[in-house]
Amino acid sequence: MPEMLEVEVYRRAAHAALGRRIIDISAPDAWFLKGGITAAAVGDALIGREFVADRRRGKLLLLDTSDDGPTLGLRFGMTGILELDGVDAIEALQYSTHRRNPEWERFVVHFDGGGALRLRDPRRLGGVELDPDEDRLGPDAGTVGVAELRSILAGSTSPLKARLMDQAKLAGLGNLLTDETLWRAGLDPARQSRSLDSDEVALLHGEMKRTLKDLGKRGGSHLGDLQQARQRGGICPRDGAALDRRTIGGRTTYSCPVHQI
DNA sequence: ATTGTGGCCTGCCCGC
DNA sequence: TGCGGGCAGGCCACAA
C-alpha cells in the first residue's frame, strides 16, 4: 500500500505536471473530497492556475499552485494509484490492482494540451483536500534526526510500533515499513517506547534510514526482507524461528520472538 | 494531554 | 460453481 516510499514515487511523477495550465477538474465522488469542500469549490480554486511545486510530508502529497492559490493535498489510503498522462506512476502496489475500472477514478486534473493527473482508488480510503493542515503531521521519517526520534519516543508508554506509525509524531511509516524496520533493528514492536535506551534509539534510527533507502531502491514498501515471511506460519528469514503474529497499534504485526527483543 | 478501540471503505481469497 | 465470511490498513471519531 502507499506508504511514504510510494508517495515519493508519486511526487516525482507529479513533477512532470508542473507548469501546465489547469483547464478542468473532475471530482465525481463527493466522499473523496475532505474538509467540507465541493467539486465546484475545487474547480474554482484550481482552474486557470498551474502547479508550481511538488512536496511530500509523510504519506501526504502536496501540490502548490500559482498566483498564491491553495495547496492541493492528495492522500492515497491503502489502494490509491496516481496516474499522469495515462501512465501509472507505480508498477506494483501491494493490496491494490492496476485494473482501470472507470468508477475507481476519484479525482482528475485536466491540463491544457490534453494531459491529466488522475487518482484511482478502488477502496476509497484516500482523499483530496485544499490547504491541508501540514502541522498535524510529525517530521518526515526520511529526514528526522536521531535526537528528534529520541524525544518522540521518550516518555511514551505506547508500544514502539504504534508510536512509529503515529503520523502526528512521525510521518511516513505504515505497517509494512514499520515491521521491516523493527525486524532489521532487532526490536520488539510491543515494547514500550520509553523503554529504549540511547543506543537502541540510535540503532533504530540507523535501521529506519537504511530500510527506507534499501526499499526505496528496490521500488516499494512491500519489497523488504521480512515481507515474504509476513504471513500466517511465516518463518524468520534471519534465524528460522516461527514468527509471532499479533495486533499492535491496531495493525497486524509480524515479528521474530528470537531476535526482536 | 495521551492512549486505545471501532468503523469506514471494497476487492480478493478461502472454504464450503 | 456460487456464495459468504474474513481480511487487508490508513485515517478519523470517539471514549476513557
Side-chain angles (χ1 to χ4, degrees), chain A residues 1-10 27-37 56-62 73-82 90 92-107 119-129 132-138 140-141 151-182 189-195 215 220-222 224 226-234 243 245-255:
Chain A
M1 75 295 308
E3 302 185 29
M4 59 179 287
L5 296 178
E6 285 76 15
V7 178
E8 178 65 13
V9 171
Y10 292 168
D29 185 355
W31 161 267
F32 214 72
L33 300 177
K34 308 301 181 183
I37 56 174
R56 180 188 61 79
R57 182 146 169 183
K59 306 171 192 171
L60 177 64
L61 177 60
L62 298 155
L74 301 178
R75 295 180 188 280
F76 300 92
M78 176 178 172
T79 54
I81 291 178
L82 191 71
I90 203 159
L93 198 59
Q94 188 88 345
Y95 302 122
S96 192
T97 166
H98 276 67
R99 270 167 43 215
R100 297 193 176 195
N101 291 15
E103 66 267 27
W104 293 345
E105 206 160 78
R106 309 298 176 188
F107 189 73
L119 205 172
R120 211 169 64 235
D121 184 3
R123 296 189 198 174
R124 303 170 83 202
L125 288 165
V128 172
E129 202 174 348
D133 184 0
E134 299 173 35
D135 293 332
R136 290 180 57 193
L137 295 171
D140 189 83
S151 76
I152 287 168
L153 300 176
S156 171
T157 59
S158 287
L160 179 55
K161 176 174 178 176
R163 194 70 168 179
L164 293 175
M165 288 201 306
D166 184 343
Q167 302 298 303
K169 300 296 185 297
L170 182 68
L173 299 185
N175 203 31
L176 301 184
L177 284 178
T178 308
D179 273 9
E180 175 77 13
T181 294
L182 293 173
R191 266 178 66 177
Q192 283 198 346
S193 302
R194 65 181 182 189
S195 76
L215 272 52
S221 303
H222 62 293
L226 174 66
Q227 182 65 28
Q228 45 91 11
R230 223 179 149 282
Q231 55 183 310
R232 281 185 167 84
L243 293 176
R245 180 184 187 274
R246 295 173 285 180
T247 297
I248 300 173
R251 296 290 156 243
T252 302
T253 301
Y254 287 88
S255 63

Whole angstrom value for the distance that separates P of B:dC13 from CZ of A:Arg123: 10 Å
Per-nucleotide protein contact string for nucleotides 11-16 of chain C, where B marks a base within reach and S marks sugar-phosphate only (heavy atoms under 4.0 Å, - for neither): BS----
Residue-phosphate contact under 4.0 Å: A:Thr252 side-chain N/O, C:dA8 OP1/OP2: yes
Whole-Å gap separating P (B:dC8) and CG (A:Asp121): 18 Å
Under the salt bridge (charged side-chain N to carboxylate O under 4.0 Å, His left out) test, residues paired with A:Asp121 that sit two or more places apart: none
For the student: nearest non-hydrogen atoms of A:Gly220 and A:Leu5, plus distance: C-CD1, 4.2 Å
Rounded distance in Å - CG (A:Leu173) to C1' (C:dG10): 13 Å
Short side-chain N/O contact from A:Arg232 to OP1 or OP2 of C:dC7, under 4.0 Å: yes
Whole-Å gap separating P (C:dG10) and NE2 (A:His222): 14 Å
Nearest-nucleotide comparison on DNA chain B, the residue closer to the 5′ end among A:Arg106 and A:Thr157: A:Thr157
Approximate separation, where rounding is to 0.5 Å, of A:Glu6 CD and A:Leu177 CG: 7.0 Å
A:Gln192 CD - B:dT2 C1' separation (whole Å): 13 Å
Presence of A:Ser158 side-chain N/O under 4.0 Å of B:dT2 phosphate oxygens OP1/OP2: no
Nearest-0.5 Å distance, CG of residue A:Leu164 to CD1 of residue A:Ile248: 11.5 Å
Interatomic distance where CZ belongs to A:Arg246 and C1' belongs to C:dG9 [whole Å]: 18 Å
Interatomic distance, A:Phe76 atom CZ to A:Tyr10 atom OH [nearest 0.5 angstrom]: 6.5 Å
Sugar-phosphate only, base, or nothing, as touched by A:Gly174 at under 4.0 Å among non-hydrogen atoms: sugar-phosphate
Out of C:dG9, B:dG11, B:dC9, whichever nucleotide has its closest atom nearest the side chain of A:Arg230: C:dG9
Per A:Ser156 side chain, nearest of listed nucleotides B:dT3, B:dT10, C:dC7: B:dT3
Bend angle of the helix from B:dT2-C:dA16 to B:dC16-C:dG2, end axes from five pairs each (to 10°): 40°
d(CZ, A:Arg191; P, B:dT3) in whole Å: 16 Å
CD on A:Glu103 to CZ on A:Arg120, rounded to 0.5 Å: 11.5 Å
Distance in angstrom units between A:Asp166 CG and B:dA1 P, rounded: 13 Å
Sugar-phosphate, base or nothing in reach of A:Arg194, heavy atoms under 4.0 Å: nothing
Nearest-0.5 Å distance that lies between atom CE in A:Met165 and atom CZ in A:Arg251: 6.5 Å
A:Ser255 vs A:Lys161 side-chain heavy atoms within contact, under 4.5 Å: no
Rounded distance (nearest 0.5 Å) linking atom CG of A:Leu74 with atom NZ of A:Lys59: 15.5 Å
Side-chain N,O (A:Trp31) to OP1/OP2 (B:dC8) below 4.0 Å: no
A:Gly73 backbone acceptor or donor facing A:Glu129 side chain under 3.5 Å: no
